[in-house]
Structures are given as structure tokens and as C-alpha cells.
Amino acid sequence: MSQRDILVAGAGVGGLSAALALAQADYDVTLLERAPSLEEAGAGVQLAANATRCLARLGVLDQVAARAVQPAFMRVMDARRGTVLAEAPMGEAAERRFGSPFLVIHRADLQAALAEAVAAEPRIRLILRSTIEGFSEEHGRVRVATRRGETPEIFDGAALIGADGIRSAVRGQMFPHAFPSFRHRAAWRATAPVARLPARLADAATRLWLGPRAHLVTYPVRGGKAVNLVAITPDERTAHGWSHEGEEGELAGHFRGWCADVQELLAAPGAWLRWALFDLDPLHAWGTGRVTLLGDAAHAMVPFLAQGAAQAIEDAMVLADCLRESDDMAAALRRYETLRRPRTTQIQTAARGMDRVYHLSGPSAFARNLVIRAKGGAGVLERYRWIYEWRG
């Protein structure tokens, strides 16, 4: 029986990247996705140099770049005054500095580029409407029980990769007490046509607007025809969900007293969607036997370093490399976990730390802004060189 067939649960950014990387490593991949189609909610993704370097190895960087924008500048803004705290050139300057481009893209466009590459790869089989109900290991194989509508199906492979998101069914069976942690914040997401914005806010810049207890991130997507907005606010709801329609009045209340530019940005979208923010406490293990986790299923993180998608893509590359180097499937999966867990734990922890830094108020915020001004934009980027220069 073949030992070069692998099951991947989940066809998000991580699962699609894993399927492509495994196919490059000469594995046949069955990609199981519970959704009826590969459609992604309206949200942007920042792809730093560590992510685009991996996309180049996967052979999809050109296709992604064709749908993306390469920002010309990164600016950190005082959201109350509307002034620039720090600015750094991006574009070719950042690409030379870190060895690969920084891109911003609509998540649906990133997923479409990956999905097109998957569809063109004969070693990958994508099965939609396939909900995982459980798995077992028998005789050196993994059997996965799924359901398509009312129809049960069994899939069999040499390994199972759980890339099925923060509420992973694969993780839930292996580690039933590893629950997502609510971070008492919400992310409000929207896009707006650049035509609705004044020219000074419609340029090819990524902006981080820092204010008391909240922040706003804006950057161009859709080839520069739209601006992606992500507003992070406190949230103490007892009931949570994904992609809820946001109340405009509620969002505006969190940003009362912020500068005129922020008010124009918040007014530009036709509608906002609200996500409750969760992450995972770092796990003591990601897998057992011939099963492991990848992406948010393994290390969901808050978005304050813009590294969620990037870390899933990195996972995919390291997983494939480990499987190339060993014929012992379980040993290769444990090596992948050993290589990845320290880095993703460090980034999870750093992202939580930025939650506090971004949302300071009063004298603490004043001191933070002084430090940002002193370091400048180059200093802000240099602080995360350890993230951006990763090469596996």
C-alpha cells in the first residue's frame, strides 16, 4: 500500500499551501474541505517577506503578486492628532532589505491564486462539502470518517494534517481541552473603493493608527482599487461569532474624538463585519503518530503582527521538507513540530504583547509614541527582522 498519500483537512491558506508543498515533495494529497466552495470573507492579508519567500518556493508568487499591492510606505499614525509618528519606505527598499517583497492582498485573491495552483496540480484532489467526524490509526494508516450532506465517507492515507482552523476537529479529537481563548477584543473588517476617499488616504501606504483602547489598520487591495480596513476594539460580549454584521453606531463610539482622517476612513465602507478575536495558548504538542496540526489549528494568534497566514505558509514548507528527508512518517511529523513550535510560540507571545502596546492610553501612550518617534520607521521594521528574514 502506498505511503505517499496524505490527507489534509481544511482548504484555507494553510491547507492549500500544504497541499502544494506536499505535491512538490512527490506526495499525493487529498484535500478535505467542509465548505461547498472556496470563498473567503472580505478581509485583507499582509504578506511580509517571510511569507512571500515561501510563496516563491511554491511557484505561486507571481500569481499572488499580480493580484496584490506592494505598499510604497509604512506609516505609524497618532490617531488623535492625525500626525505621523514614524514612516519607512517599503516597495523595492524593503525587498532589498529583507530579501523578498512585502505585499498586501485581499484574502479571497490570495486563496484564489492558491486554489488555481491546486486545481492545476494532478497530485492534489480537492473534495468539498466534506466534514470530518473523526479519525483513527490502523496498520500504519489513518482512516478519516467524513460526512457529505447525509452521506458518510471514509478516506484513508499515510498521514493526516489538520489545517482546519482555530476550531479544528482534528485538534479537538487529539487535545479536547485545548480551547480557543477569547481575547476580549473584536476585529471589524471592511473594504472601501478608493473613489470614496480623498487622495491623501488612497495612496499605496500601509497605515497603523494608534489610539486609546483601539487601533485601525488600513492598506490598499484589489490592485489598488480598494482600501482594506481593520478596526480593533474592546469587546466583552458573552456570545461570540464570526462575520457578524456590525452596528455602525457601535463602531463609531469606539473612535469618538479621533482625527478627521480616521472618521473619513470609518465612514467610507458600505458595511462592516465583526469577528470576535480568539487565539490559542501555545500547545505542548501538535500531534501523535501519523497526525499533526498546521496553521491556526496549531497556533492561532491575534493579528497584531499580521503573521497568521504567514506562519501557516511557513508550516507548509517545513512540513514538506521534513517529509522529504525521512521515510519514517511519524518521525518526520515530530521533527516538523519540533522545528516549528518554538517559532510560532514566540510569535504568538509577541502578538499578545502588542495587544497591550497598541492600546495604551494617557501617559503610557505618550511614552510609547515618544519611543516610536525616536526609533523611526526603520527601527519599527528592524524590531521584527527575526520574523521577516526567516528562511526555514
Membership question, hydrophobic clusters at under 4.5 Å side-chain separation (ILVMFWY): are [Y] and [X] in the same one?
{"X": "Val104", "Y": "Ile313", "value": "no"}
{"X": "Tyr358", "Y": "Leu216", "value": "no"}
{"X": "Val45", "Y": "Ile232", "value": "no"}
{"X": "Val380", "Y": "Met354", "value": "yes"}
{"X": "Val318", "Y": "Leu55", "value": "yes"}

Got a donor-acceptor contact below 3.5 angstrom from the [X] side chain to the [Y] backbone?
{"X": "Asp164", "Y": "Ala169", "result": "yes"}
{"X": "Arg4", "Y": "Ala25", "result": "yes"}
{"X": "Glu133", "Y": "Arg147", "result": "no"}
{"X": "Glu33", "Y": "Ile127", "result": "no"}
{"X": "Arg207", "Y": "Tyr219", "result": "no"}
{"X": "Arg196", "Y": "Ala226", "result": "no"}
{"X": "Arg343", "Y": "Trp390", "result": "no"}
{"X": "Arg80", "Y": "Cys259", "result": "no"}
{"X": "Arg368", "Y": "Val357", "result": "yes"}
{"X": "Arg171", "Y": "Gly287", "result": "no"}

Non-hydrogen atoms of [X] and [Y] that approach each other most closely:
{"X": "Ala300", "Y": "Gln348", "result": "O-NE2, 3.1 Å"}
{"X": "Gln24", "Y": "Arg57", "result": "NE2-O, 3.2 Å"}
{"X": "Phe98", "Y": "Glu382", "result": "CZ-OE2, 4.3 Å"}
{"X": "Leu61", "Y": "Pro101", "result": "CD2-CG, 4.4 Å"}
{"X": "Asp235", "Y": "Arg185", "result": "CB-C, 3.7 Å"}
{"X": "Ala51", "Y": "Ala310", "result": "CB-CB, 3.7 Å"}

Cation-pi check for Trp275 against Arg183: NZ or CZ below 6.0 Å from the six-membered ring centre and within 45 degrees of the axis, yes or no?
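Because its charged atom misses either the 6.0 Å distance or the 45° angle limit, Arg183 does not stack over Trp275.
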When you check the gap from the basic side-chain N to the acidic O, do [X] and [Y] get nearer than 4.0 Å?
{"X": "Arg290", "Y": "Glu138", "answer": "no"}
{"X": "Arg143", "Y": "Glu137", "answer": "no"}
{"X": "Arg334", "Y": "Glu337", "answer": "yes"}
{"X": "Glu264", "Y": "Arg200", "answer": "yes"}
{"X": "Asp28", "Y": "Arg123", "answer": "yes"}
{"X": "Asp279", "Y": "Arg352", "answer": "yes"}
{"X": "Asp5", "Y": "Arg141", "answer": "yes"}

[X] atom [atom1]: more than 12 heavy-atom contacts under 6.0 Å:
{"X": "Arg213", "atom1": "CZ", "value": "no"}
{"X": "Glu153", "atom1": "CD", "value": "yes"}
{"X": "Arg34", "atom1": "CZ", "value": "no"}
{"X": "Arg67", "atom1": "CZ", "value": "yes"}

Aromatic plane relationship, [Y] with [X] - under 30° parallel, 30 to 60° tilted, over 60° perpendicular:
{"X": "Phe255", "Y": "Trp258", "result": "perpendicular"}
{"X": "Trp286", "Y": "His299", "result": "tilted"}
{"X": "Trp386", "Y": "Tyr384", "result": "tilted"}
{"X": "Phe182", "Y": "Phe278", "result": "tilted"}

Atom [atom1] in [X], atom [atom2] in [Y]: separation rounded to 0.5 Å?
{"X": "Leu293", "Y": "Thr288", "atom1": "CG", "atom2": "OG1", "answer": "11.0 Å"}
{"X": "Leu277", "Y": "Asp355", "atom1": "CG", "atom2": "CG", "answer": "8.5 Å"}
{"X": "Arg75", "Y": "Trp209", "atom1": "CZ", "atom2": "CH2", "answer": "9.5 Å"}
{"X": "Leu280", "Y": "Thr344", "atom1": "CG", "atom2": "OG1", "answer": "10.5 Å"}

In chain order, what residues pass the side-chain contact (heavy atoms from CB on, under 4.5 Å) check against Thr349, with sequence neighbours excluded?
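Residues passing side-chain contact (heavy atoms from CB on, under 4.5 Å) with Thr349: Thr345.
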All side-chain contact (heavy atoms from CB on, under 4.5 Å) counterparts of Ala93, not counting sequence neighbours:
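In terms of side-chain contact (heavy atoms from CB on, under 4.5 Å), with neighbours along the sequence ignored, Ala93 is linked to Pro89, Arg96.
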Do Val221 and Asp109 have side-chain heavy atoms sitting under 4.5 Å apart?
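Side-chain contact under 4.5 Å: no.
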Would you check, one step at a time, whether the test ring-ring contact (aromatic ring centres under 6.0 Å, His included) holds for His359 with Phe304?
CA-CA 11 Å; His359 304 123; Phe304 306 140; 5.6 Å; yes
Tell me who clusters with Phe366, hydrophobic residues only, linked when side chains sit under 4.5 Å apart either directly or through other members.
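Listed partners: Leu370.
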Kindly determine whether Asp321 and Leu323 satisfy side-chain contact (heavy atoms from CB on, under 4.5 Å), including the steps that lead there.
CA-CA 5 Å; Asp321 287 343; Leu323 289 170; over 6 Å; no
